[in-house]
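Here's the structure, in structure tokens; my notes come after.
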Number of protein chains: 2
Amino acid sequence: MAGRVSKPGATVVSRTVALLSAFDEAHPHLTLTELARRADLPLSTAHRLIAELTRLGALARTDSGEYVVGPRMWDVGLLAPVQTDVREVASPFLHDLYAATLATVHLAVLDGTRALYIDRISGKRSVPVVSKIGSRLPWHATGVGKVLMAHAPEDVRKRALSSPLRRITPYTITQPSRLQDQLERILVDGYATTVEEMSLGACSVAVPIRRRDEVVAALGIVVPNLRRDKGRLVAALNVAAHGIGRSLGHQTRPRLTRLPVRR
Amino acid sequence: MAGRVSKPGATVVSRTVALLSAFDEAHPHLTLTELARRADLPLSTAHRLIAELTRLGALARTDSGEYVVGPRMWDVGLLAPVQTDVREVASPFLHDLYAATLATVHLAVLDGTRALYIDRISGKRSVPVVSKIGSRLPWHATGVGKVLMAHAPEDVRKRALSSPLRRITPYTITQPSRLQDQLERILVDGYATTVEEMSLGACSVAVPIRRRDEVVAALGIVVPNLRRDKGRLVAALNVAAHGIGRSLGHQTRPRLTRLPVRR
DNA sequence: CGTAGACTTCCACTGGACGGAAGGACGTAG
DNA sequence: CTACGTCCTTCCGTCCAGTGGAAGTCTACG
């Protein structure tokens, strides 16, 4: 390219992607300076690239002058085959579950050692929860995360148990040995639970979804407490999870071999 | 840049965006050659850029060698503030409507002269419909489209009525005068209907959603026929639409002034 | 009114981007 | 088996698009 390049080897494409990826859930809008810093680009370079991205609709500007991801990226992003098959097939079942319980319902897959929420239904009367579609939450503090980890390949599980387990609430379990026990228990019981481990006042139950024999996703539900109706919830979850699994069994269409790789 | 440039003025950024935008609903996966052609780039240039985008996770490759939008773009796209406020607020109401009717429920906004579907709920037992989230369908053949156009500014409506109205089924209305009459009728009645105008065997009813007095979106429902329960559906839709409108009234947070601009 | 912080514009230098060409890999028709 | 077509991949000489420091603008604040 030119002049005094600060970072030889950085291509325009990588800079462009870096700018787009600078946004995340905690930072859905950024100022020019923040964007430049997060993408690790000189201000004037960032300014030029951002101006063009904005002109093209890949970024947009709010009234206040901050930048946000543009409508064009929304269009494009929706076309990514991120578990489209599971999501599409599961959708009606999620609605049924929601209708039956009026609690927040989650569909998640494993992404590295975190639970990636690929769908969510939440009502006016549901317990408030932190997850959104696209959120990634720690596996050890969520019902779906524990289920997915319990059924994960051994190396993944080993790595997950040996990496630091952040305490999120006073009830978050951070001892690897206790989690190890829980994971074994989950395989026996067929479901996982959390009790205020992710957020206070929220408990969850989750079960695996299987395509043939392989666990491909997890289905979870968030409620204020588990005392009364854990059994009823597990039953409802299992009905839905089996239904989804059965529907998944049939179809065969072009799809990625592996899970999307982490950044 | 260099050598013999075929298209002086085309920047790397614009080429990158062109490649990403080459995908659409009808073409969610493309071969290298198709991508190059659709983005209007020389094959080798496209190849180089695509290879890097793939390396960065902005694109991905299927088993068969075709390219698809990458998981990274999914992450980014979800952060675009495409009517996030309306969508978030409306979500629980859509579920209620779905639970009450078990029919496909739609939330749409006007995008140029088409209806952009920003949310959708569809069950196992619903009438099959063509729309997906992110779909853009012609205004004159959809319930939500007619509602939005009836309440659109005069210049938009004029332009819509004077542009070609494609026949989609034998029942699609393509005479501007008849549509004009319908639009006036919609303002009086407070709802719009379609009868197999978009797809055979599917009818729809739709009502406007208002923030204060301004129509910001439309809520629609798709059913096999309207004879029996049009009144009941309109009532249910209005309850939900008013609820959404009321909830929208309150909030104030950073948001784009205008609708996302078309490509 | 000076200082600070964020944004915008300018422009001379140069190395990253360009793309034609050539070389594989695969399928299929003769 | 050879020839041809289609698609993908790699190579490399040319050169202009991209770079980023510097200077200018615009608010906001004390």
Side-chain angles (χ1 to χ4, degrees), chain A residues 1-23 27-70 254 256-257, chain B residues 1-23 27-70 254 256-257:
Chain A
M1 266 157 232
R4 257 164 288 293
V5 272
S6 59
K7 283 194 145 193
T11 63
V12 181
V13 172
S14 69
R15 286 158 193 238
T16 305
V17 174
L19 281 171
L20 293 176
S21 306
F23 296 92
H27 307 85
H29 27 85
L30 297 167
T31 65
L32 172 61
T33 312
E34 284 167 341
L35 253 172
R37 191 162 32 73
R38 289 173 68 89
D40 197 21
L41 293 174
L43 190 62
S44 59
T45 303
H47 181 261
R48 187 166 26 80
L49 297 180
I50 289 168
E52 181 156 26
L53 285 170
T54 306
R55 199 174 53 71
L56 294 167
L59 293 180
R61 256 190 130 166
T62 61
D63 299 349
S64 61
E66 285 182 314
Y67 290 94
V68 291
V69 176
L256 295 173
T257 329
Chain B
M1 269 158 225
R4 254 166 290 292
V5 273
S6 59
K7 283 194 147 188
T11 64
V12 181
V13 172
S14 69
R15 286 159 193 240
T16 305
V17 174
L19 281 171
L20 293 175
S21 306
F23 296 91
H27 307 85
H29 28 85
L30 296 167
T31 65
L32 172 62
T33 312
E34 285 167 341
L35 254 172
R37 192 164 30 74
R38 289 174 67 89
D40 197 20
L41 292 174
L43 189 62
S44 60
T45 302
H47 181 262
R48 186 168 24 80
L49 297 180
I50 289 168
E52 181 156 27
L53 285 170
T54 306
R55 199 175 53 72
L56 294 168
L59 294 180
R61 255 189 132 164
T62 61
D63 299 349
S64 61
E66 286 182 313
Y67 291 94
V68 291
V69 176
L256 296 173
T257 330

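What you see below is based on every heavy atom in this structure, not just the backbone, and it leaves out hydrogens, waters and symmetry mates.
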What's the [atom1]-[atom2] distance between [X] and [N], to the nearest Å?
X: Leu35(A); N: dT8(C); atom1: CG; atom2: C1'; result: 16 Å
X: Arg61(A); N: dA6(C); atom1: CZ; atom2: P; result: 14 Å
X: Leu41(A); N: dA6(C); atom1: CG; atom2: P; result: 17 Å
X: Asp40(A); N: dG20(D); atom1: CG; atom2: C1'; result: 14 Å
X: Leu49(A); N: dA17(D); atom1: CG; atom2: P; result: 15 Å
X: Leu32(A); N: dA6(C); atom1: CG; atom2: P; result: 10 Å

Between Leu53(A) and Val17(B), is there a side-chain heavy-atom distance shorter than 4.5 Å?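 Val17(B) vs Leu53(A): side chains touch.
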
Quick check: do Ile50(B) and Leu59(B) have side-chain heavy atoms less than 4.5 Å from each other? yes

Using a 4.0 Å heavy-atom cut-off across all strands, classify Leu43(B) as base, sugar-phosphate, or nothing.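 If one applies the 4.0 Å heavy-atom cut-off, Leu43(B) turns out to touch a base.
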
If you check the [X] side chain, which of [options] turns out closest?
X: Ser44(B); options: dT10(D), dT19(D), dT8(C); result: dT10(D)
X: Pro42(A); options: dC18(C), dG20(D), dC8(D); result: dG20(D)
X: Tyr67(A); options: dC8(D), dT8(C), dT19(D); result: dT8(C)
X: Thr33(A); options: dA6(C), dT19(D), dC7(D); result: dA6(C)
X: Thr45(B); options: dT8(C), dT19(D), dG19(C); result: dG19(C)

Using only heavy-atom distances, determine whether the side chains of Ser64(B) and Thr62(B) contain a donor-acceptor pair under 3.5 Å.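 On atom types as modelled, these side chains qualify, holding a pair under 3.5 Å.
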
Can you tell me if [X] touches the phosphate of [N], counting only side-chain N or O atoms and a distance under 4.0 Å to OP1 or OP2?
X: Arg15(B); N: dG19(C); answer: yes
X: Arg48(A); N: dC7(C); answer: no
X: His47(B); N: dT9(D); answer: yes

Sorted by chain and residue number, the side-chain hydrogen bond (donor to acceptor under 3.5 Å, both in side chains) partners of Arg55(B) (sequence neighbours excluded) come out as Glu52(B)

Once you round to the nearest 0.5 Å, how far does NE2 of His47(A) lie from OG1 of Thr45(A)? 11.5 Å

